[in-house]
Amino acid sequence: MDELNGDLYGDGLVSLGDEGSLESTDNGKQEQSCKICDNKLCSPRVLSCLHVFCEACIDKLMVNEAGDSLKFDLAVECPLCKQETKIPVGGAASLPSDYVITNILDVSSMDQSVVCTCCKSKEPAVARCTDCSHFLCSNCNSAHEFMRCFENHRVVPFDALRSSKEKSAVHKPIFCSRHVGESLKLYCCDCEVGACTECLTIDHKVGEHRCERIVDAEPNLRAELRNYIVEANARAAAAGSASARLDDALGDIQRQRDEAENVINEAFHAYKAALERRREKALEELERLHKERELKVMDLFDRVDKTVQRIDCACKFAARLLRRGDGTEIVMLKKTVASQFTRLLEGAPEFDVDYSLEFVTNVDKFDTVTEETFGTFRTEATKAEERKRLSESSAIVSVASNSHSPAVSVTNAPVFDEFPMGNVRRVTGVGMVCVPGVGGVSAMGVGGVGSVSGVGSVANPGVLPGVVNVNNVSGVGAVTGVGGVPALSSMVEYNLQQLASIAEKDVPPPPHASPAPSFTLAELLAGDLNSPHAYNNLQALAKLGLTTEVNGYGGVGAVSSISAVGPRGVSPGRPLLTAAEEAALVAPPAPLVRATKATPMHIRFKFGQLGGGKGQFNSPHGFCLGNDEDIIVADTNNHRITVFDKSGNHKFNFGVAGKEEGQLWYPRKVAVVRATGKFVVCDRGNERSRMQIFTKNGHFLKKIAVRFIDIVAGLAVTAEGLIVAVDSVTPTVFILSEEGDLMSWFDCSECMREPSDIAISGKEFYVCDFKGHCVVVFDEEGRFLRRIGCENVTNFPNGIDVSDAGDVLIGDSHGNKFHVAVFSRDGVLVTEFECPYVKVSRCCGLKITSEGYIVTLAKNNHHVLVLNTLYIV
């Protein structure tokens with residue numbers, strides 16, 4: 001046992017002196033001081049983490065912020081290890097006392113002048129009684145030696161006490177906290193607490209609790225504590241080795257980081273080399289095409305020159321014959337001259353030169369492809385997700401293959417009829433279409449819908465209700481599924497997500513719902529009409545863009561008479577979607593009659609370049625037109641507002657870079673109050689967004705707090721002088737007064753995906769939906785009215801204005817060309833314009849002047865374009 005003690009104490013653990021002596025050592029002196037007050041411990045108390053502090057210091061930790069009351073029955077955080085200890089109602093005094101430290105403090109106090117605590121004489125103490133725990137003077141020492149009442153008391157002189165090797169020499173008796181004067185002599189094995197003789201009759205009754213003397217229980221308790229120490233030391237050793245492994249892991253992470261950086265750089269140089277090779281090939285192809293057409297033009301030029309010479313010669317000959325020849329001479333030469341003229345007139349080359357040579361590129365598509373193919377990061381989290389997705393897919397396939405869902409029956413519902421497009425199977429007069437079982441659909445790409453693979457047996461593999469097999473049709477996604485299931489367009493994907501969220505939000509789950517998602521595409525195709533979610537979404541599929549003509553190409557499948565079909569217990573005539581839910585679905589665009597080619601816009605003038613000087617920009621994000629049609633630009637990275645006249649001449653700048661009031665920090669949007677000419681500027685400041693008002697001369701007036709806006713995507717001012725801002729992060733329109741009061745607001749997240757600009761005409765708000773490829777119109781109360789535009793006509797719109805005649809002009813720079821589509825107020829396409837003379841990147845905003853010119857801002861090109869459309873407003 002002594003050998004075991006030596007091993008334990010020798011393994012970094014703190015002992016109470018050599019071989020059990022309680023005499024103070026250097027380490028013991030450190031243990032006797034409180035780590036909170038740095039003084040010697042007074043009434044030491046033990047926290048649950050086994051750190052010891054003064055009772056008064058622990059009480060101070062429980063003082064509330066006001067400093068006038070104690071917060072009992074709360075957790076206190078240890079100042080050393082940060083572990084929490086729940087304090088009983090009695091406060092720190094109810095925590096266990098560190099009896100060992102108390103005894104050590106008693107021994108250490110012998111170094112000072114100790115008086116007798118057994119009598120009132122205040123004489124110096126010379127000994128200590130271990131039974132009554134009193135310091136004894138010489139008289140009391142003699143009394144303990146000769147009086148019968150102290151017959152069994154053990155008295156230890158100070159000299160013997162200081163060098164004592166016996167731990168029991170200084171241990172005070174511990175009394176029961178419930179029974180005054182009763183010392184703890186028993187141990188309850190069930191409650192694991194000490195007990196006195198009185199406790200055996202009340203709290204630890206014999207027969208109900210197993211109690212034994214502390215002397216008898218001590219060996220087992222010591223052995224148990226030694227086992228804890230052995231296990232803890234083993235765990236500490238394991239933690240030490242784990243620390244070494246963590247150190248190795250840090251090195252591995254750094255190495256992997258360096259390797260990933262090298263791979264990224266290698267990929268970049270490989271892409272750069274590929275682009276350079278592509279550039280060289282393109283230049284070679286350009287040279288070949290140029291020479292080809294140059295030779296053709298030169299050959300045509302030579303033939304034309306020869307033809308002109310021959311015609312000139314013939315004309316001169318005929319004129320000389322007419323001028324100097326007589327009738328007989330004319331008769332003799334007329335046939336020869338006429339033959340030459342006939343040959344020249346019939347064989348004259350065509351003078352129309354119709355050669356075109358231009359290079360068309362798609363930077364946006366290149367960015368998308370590069371983002372998808374350049375590379376992604378794979379971490380332990382992505383690997384775990386891949387394994388989880390694989391297991392879920394296997395489980396879904398297993399369940400679907402063994403399911404016996406009832407088939408979908410659609411009575412007297414023609415699936416498709418006449419479609420003006422090729423590669424479409426024509427089916428008419430279908431009485432019933434059944435889908436016996438569906439294992440799943442692969443590569444659907446629908447967010448929120450579980451990935452399922454493999455379609456089960458279908459009565460006709462080429463035909464599926466509501467699905468048309470369409471390949472390579474503009475505006476329709478390419479077919480990638482099995483059994484005639486086509487890939488879904490972005491509009492359809494978005495609406496499926498909306499449908500899934502509506503089903504999860506509004507329909508209560510069945511009493512014994514499984515943990516699987518309440519609505520899946522496989523369930524819908526399998527025809528489980530017993531599910532209220534599937535039924536709710538069947539009728540809504542009519543709004544997915546699958547049943548209406550898309551840009552004049554005809555329908556893409558239909559499901560009709562759905563209202564006559566309903567699950568058990570559901571009324572067929574009940575409303576399936578609320579008005580808000582119907583507005584949340586992207587309605588199919590109205591048929592658009594497009595011109596074969598957009599009318600070109602000519603550049604009236606262009607100004608601005610990258611820089612910080614006069615008339616220069618650095619990534620400007622917004623602009624507006626002033627009262628005199630001045631062009632006011634938010635020069636974002638130069639932290640200023642720049643004003644030009646309508647001819648592009650620089651007038652003045654205002655703004656100083658900074659985050660304080662009156663300064664500008666990355667201004668994004670600017671608008672003008674028509675009545676006063678004041679400027680409304682939105683920048684970042686110290687927050688996500690900040691709004692400030694300046695005079696027409698650029699002097700600061702006030703700041704408006706807009707902490708509820710994340711990023712201002714569009715800014716406008718109504719005719720009444722109200723400021724309208726739209727947030728692109730949480731699509732919401734806010735209406736504020738010039739004094740900064742929030743007048744009203746409405747959430748438009750159910751009707752659009754990402755706002756990019758806003759225009760106001762009368763009582764209507766026109767908001768560009770950048771990712772929805774359209775413009776959404778609301779009234780002043782925030783009610784959804786209509787959509788204008790669609791994909792392939794208004795791709796990624798980022799500018800809008802309404803002319804005085806009510807025409808809606810929507811601008812985009814998709815494909816690096818600035819394109820404008822003009823619609824009537826009701827959404828009918830009127831005409832389209834395009835500027836082919838300059839490549840632009842990320843145009844921000846669109847405004848039309850009173851003269852019919854269109855103004856836009858090319859953010860990445862750092863200039864302003866003023867275009868002549870020959871369009872009369």
Side-chain angles (χ1 to χ4, degrees), residues 608 611-646 649-728 733-743 745 757-758 760 844-845 847 855 857 859 862 864:
K614 179 180 177 181
Q616 295 179 331
F617 305 118
N618 191 347
S619 189
H621 279 61
F623 79 101
C624 70
L625 297 183
N627 287 339
D628 297 327
E629 295 191 337
D630 290 341
I631 302 172
I632 300 102
V633 180
D635 193 358
T636 304
N637 287 1
N638 282 331
H639 310 289
R640 67 187 182 187
I641 302 297
T642 306
V643 182
F644 302 84
D645 64 18
K646 63 181 181 180
N649 300 314
H650 179 267
K651 296 179 70 174
F652 65 95
N653 303 327
F654 71 89
V656 178
K659 299 181 180 180
E660 301 298 327
E661 291 186 7
Q663 299 176 335
L664 295 178
W665 191 248
Y666 295 100
R668 294 176 56 88
K669 301 297 176 183
V670 61
V672 172
V673 181
R674 297 292 179 184
T676 60
K678 297 177 182 178
F679 298 104
V680 182
V681 181
C682 287
D683 66 342
R684 287 173 56 182
N686 290 316
E687 303 158 356
R688 293 279 289 170
S689 290
R690 176 178 66 174
M691 188 178 293
Q692 299 185 97
I693 308 295
F694 295 84
T695 67
K696 61 182 179 180
N697 296 322
H699 300 296
F700 173 74
L701 290 177
K702 68 173 66 176
K703 169 192 170 183
I704 298 178
V706 286
R707 295 187 180 90
F708 40 82
I709 301 180
D710 286 321
I711 298 178
V712 178
L715 185 67
V717 179
T718 66
E720 295 78 14
L722 297 177
I723 303 170
V724 181
V726 57
D727 187 356
S728 64
V733 174
F734 298 91
I735 303 173
L736 304 97
S737 68
E738 189 175 333
E739 289 72 28
D741 299 322
L742 180 60
M743 308 300 293
W745 62 275
D757 198 8
I758 187 171
I760 302 171
C844 297
K847 299 296 177 186
V855 185
L857 177 67
K859 180 181 72 173
H862 316 284
V864 174

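Fair warning: this is a prediction, and the values are worked out from it, not measured in the lab.
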Return all side-chain donor-acceptor pairs below 3.5 angstrom for residues 675-684, not counting sequence neighbours, or 'none' if the list is empty.
{"unit_1": "T676", "atom_1": "OG1", "unit_2": "K678", "atom_2": "N", "d": "3.4"}
{"unit_1": "K678", "atom_1": "NZ", "unit_2": "E738", "atom_2": "OE2", "d": "2.7"}
{"unit_1": "D683", "atom_1": "OD1", "unit_2": "R690", "atom_2": "NE", "d": "3.1"}
{"unit_1": "D683", "atom_1": "OD2", "unit_2": "W665", "atom_2": "N", "d": "2.9"}
{"unit_1": "D683", "atom_1": "OD2", "unit_2": "R690", "atom_2": "NH2", "d": "2.7"}

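- Under the 4.5 Å side-chain criterion, counting only non-hydrogen atoms from C-beta, L715 is in contact with M691.
- Here the straight-line distance linking atom CD1 of I641 with atom CG of N638 works out to 11.0 Å at 0.5 Å rounding.
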Could you go through V643 and K651, starting from their C-alpha distance and side-chain angles, then the distance that decides it, and tell me whether this counts as side chain to side chain contact (heavy atoms under 4.5 Å, CB included)? CA-CA 6 Å; V643 182; K651 296 179 70 174; 4.2 Å; yes
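- Taking 4.5 Å as the limit, some side-chain heavy atom of I711 sits within range of a side-chain heavy atom of R668.
- By the 30° and 60° cut-offs, the orientation of the rings of Y666 relative to H639 is perpendicular.
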Given the rule in the side chain to side chain contact (heavy atoms under 4.5 Å, CB included) test, do V864 and F644 qualify, once you have shown the distances and angles that lead to the verdict? CA-CA 10 Å; V864 174; F644 302 84; 5.7 Å; no
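- Between I735 atom CD1 and I760 atom CD1 the span is 7.5 Å, to the nearest 0.5 Å.
- The distance from the CG atom of D727 to the CG atom of D710 is 5.0 Å, given to the nearest 0.5 Å.
- Summarising the geometry of D757 relative to G845, their closest heavy-atom pair is OD2-CA, 3.8 Å, with the distance given to 0.1 Å.
- Of all non-hydrogen atoms in A725 and I709, the two that sit nearest each other are CB-CD1, 4.0 Å.
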Tabulate below the donor-acceptor pairs under 3.5 Å that side-chain atoms of residues 692-706 make, not counting sequence neighbours, or state none.
{"unit_1": "Q692", "atom_1": "OE1", "unit_2": "G662", "atom_2": "N", "d": "2.7"}
{"unit_1": "Q692", "atom_1": "NE2", "unit_2": "Q663", "atom_2": "O", "d": "2.8"}
{"unit_1": "T695", "atom_1": "OG1", "unit_2": "N697", "atom_2": "N", "d": "3.3"}
{"unit_1": "T695", "atom_1": "OG1", "unit_2": "G698", "atom_2": "N", "d": "3.4"}
{"unit_1": "T695", "atom_1": "OG1", "unit_2": "H699", "atom_2": "N", "d": "3.0"}

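- In this structure, D635 and P667 approach most closely via the heavy-atom pair O-CG, 4.1 Å.
- With rounding to the nearest 0.5 angstrom, the SG atom of C844 is 5.5 Å from the NZ atom of K669.
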Taking distance alone, no hydrogens or angles, what donor-acceptor pairs closer than 3.5 Å link side-chain atoms of residues 620-628 to residues at least two apart or in another chain?
{"unit_1": "H621", "atom_1": "ND1", "unit_2": "S619", "atom_2": "O", "d": "2.9"}
{"unit_1": "H621", "atom_1": "ND1", "unit_2": "T636", "atom_2": "OG1", "d": "3.0"}
{"unit_1": "N627", "atom_1": "ND2", "unit_2": "R674", "atom_2": "O", "d": "3.2"}

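- Note that CG of L857 and CZ of F617 are 7.0 Å apart. Values are rounded to the nearest 0.5 Å.
- We find the CD1-OG1 distance between I723 and T718 to be 9.0 Å, quoted to the nearest 0.5 Å.
- Considering every non-hydrogen atom in both I632 and D630, the closest pair reads CD1-O, 3.5 Å.
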